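Remarks on the structure that follows.
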Amino acid sequence: MRVGIGNDHAAVEMKNEIMAYLQEKGYEVVNFGTDTNESVDYPIYGEKVAVAVKNKEVDLGVIICGTGIGISLAANKVPDIRAAVVSEPVSARLAREHNNANIIAFGARIVGMEEAKAICDAFLGAEFLGDRHQRRVDMISEIDKRNHTL
Ligand code: RB5
């Protein structure tokens with residue numbers, strides 16, 4: 001499985017450790033940056049990962065900023081992206097199983113390193129359950145289409 005990963009300056013250290021952890025587990029990880037502690041704007045990296053997921057360059061995405069909130073808000077502006085911000089692994093699994101989330105987001109200033117790894121394991125190891133959940137996910141896409149202004 002190919003996993004896209006992106007982050008802002010608040011999460012470089014966590015991104016590096018998560019990337020090594022996932023590679024060790026056999027995932028192919030595509031790094032969209034940032035890779036230095038220089039202050040950057042999280043929407044840039046949320047969009048990069050989201051576009052890669054949308055274009056199927058990667059299967060799923062992992063995005064990290066200080067809280068996970070800003071970068072997930074940015075990613076969710078890309079059509080067909082469902083980025084879920086979580087702080088523990090049960091929600092990460094359910095985001096995939098029930099909501100067909102294709103990106104998981106979390107905060108480097110919110111969750112510890114071991115919790116972050118557990119979140120990735122839960123998200124990447126789960127499958128969308130379809131069935132009644134498909135109808136609800138379709139309803140989310142329809143909101144997007146009804147309210148698209150471009
Ligand atoms: C950067 O200081 C911080 O605002 C960002 O990492 C994130 O937490 C935004 O949601």
Side-chain angles (χ1 to χ4, degrees), residues 1-25 27-126 128 136-137 139-150:
M1 182 191 287
R2 278 165 71 86
V3 179
I5 195 163
N7 59 284
D8 74 358
H9 54 279
V12 175
E13 193 189 327
M14 181 170 276
K15 187 271 297 288
N16 286 338
E17 189 153 339
I18 292 288
M19 210 163 62
Y21 177 71
L22 295 179
Q23 283 164 340
E24 178 97 349
K25 293 195 134 201
Y27 292 103
E28 187 182 339
V29 184
V30 183
N31 176 20
F32 290 90
T34 188
D35 291 303
T36 73
N37 294 326
E38 188 185 329
S39 182
V40 292
D41 298 323
Y42 57 77
I44 295 168
Y45 301 92
E47 183 180 12
K48 280 178 193 281
V49 175
V51 167
V53 171
K54 179 180 166 45
N55 293 342
K56 301 190 188 320
E57 292 159 33
V58 295
D59 300 297
L60 292 172
V62 174
I63 53 178
I64 322 168
C65 66
T67 59
I69 296 171
I71 202 163
S72 65
L73 293 175
N76 276 316
K77 291 295 180 189
V78 174
D80 303 329
I81 292 305
R82 290 171 299 280
V85 56
V86 303
S87 54
E88 40 70 34
V90 174
S91 298
R93 174 174 59 79
L94 290 171
R96 188 97 197 88
E97 289 184 351
H98 287 197
N99 313 115
N100 201 12
N102 43 20
I103 296 183
I104 201 74
F106 46 87
R109 295 173 179 158
I110 306 295
V111 302
M113 202 66 87
E114 293 313 307
E115 194 78 341
K117 289 176 186 171
I119 286 169
C120 291
D121 286 342
F123 179 69
L124 298 173
F128 179 49
R136 294 162 184 160
V137 170
M139 288 173 74
I140 296 173
S141 305
E142 284 155 19
I143 294 171
D144 210 8
K145 284 182 201 126
R146 269 200 303 279
N147 293 283
H148 209 71
T149 50
L150 292 180

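Counting starts at 1 for both ligands and their atoms, following the listed order. Because the structure is a prediction, the values reported are computed rather than measured. What's counted below: heavy atoms across the whole structure, side chains too, no hydrogens, waters or symmetry copies.
Within a 6.0 Å radius of CD in Glu13, other residues, nucleotides and ligands contribute 12 heavy atoms or fewer.
A ring pair (Phe, Tyr, Trp, His ring centres under 6.0 Å) check over residues 83-109, counting only residues at least two apart or in different chains, returns the pairs His98-His133.
A salt bridge does not link Glu142 with Lys145: every distance from a Lys NZ or Arg NE/NH1/NH2 to an Asp or Glu carboxylate oxygen is 4.0 Å or more.
Lys77 places no side-chain N or O within donor-acceptor distance of the main-chain N or O of Glu47, the cut-off being under 3.5 Å.
Contact between Val53 and Leu60 at its shortest, heavy atoms only, is CG2-C, 3.9 Å.
We find the NZ-CD1 distance between Lys54 and Ile103 to be 11.5 Å, quoted to the nearest 0.5 Å.
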Could you go through ligand 1 and note, for every N or O atom, any protein N or O atom closer than 3.5 angstrom, writing the atom names and distance to 0.1 Å, or 'none'?
{"residue": "ligand 1", "atom": "2 (O)", "partner": "Arg109", "partner atom": "NH1", "Å": "3.3"}
{"residue": "ligand 1", "atom": "6 (O)", "partner": "Asp8", "partner atom": "OD2", "Å": "2.5"}
{"residue": "ligand 1", "atom": "6 (O)", "partner": "Gly66", "partner atom": "N", "Å": "2.7"}
{"residue": "ligand 1", "atom": "8 (O)", "partner": "Gly66", "partner atom": "N", "Å": "3.3"}
{"residue": "ligand 1", "atom": "8 (O)", "partner": "Thr67", "partner atom": "N", "Å": "3.0"}
{"residue": "ligand 1", "atom": "8 (O)", "partner": "Thr67", "partner atom": "OG1", "Å": "3.3"}
{"residue": "ligand 1", "atom": "10 (O)", "partner": "Thr67", "partner atom": "OG1", "Å": "3.3"}
{"residue": "ligand 1", "atom": "10 (O)", "partner": "Gly70", "partner atom": "N", "Å": "2.9"}

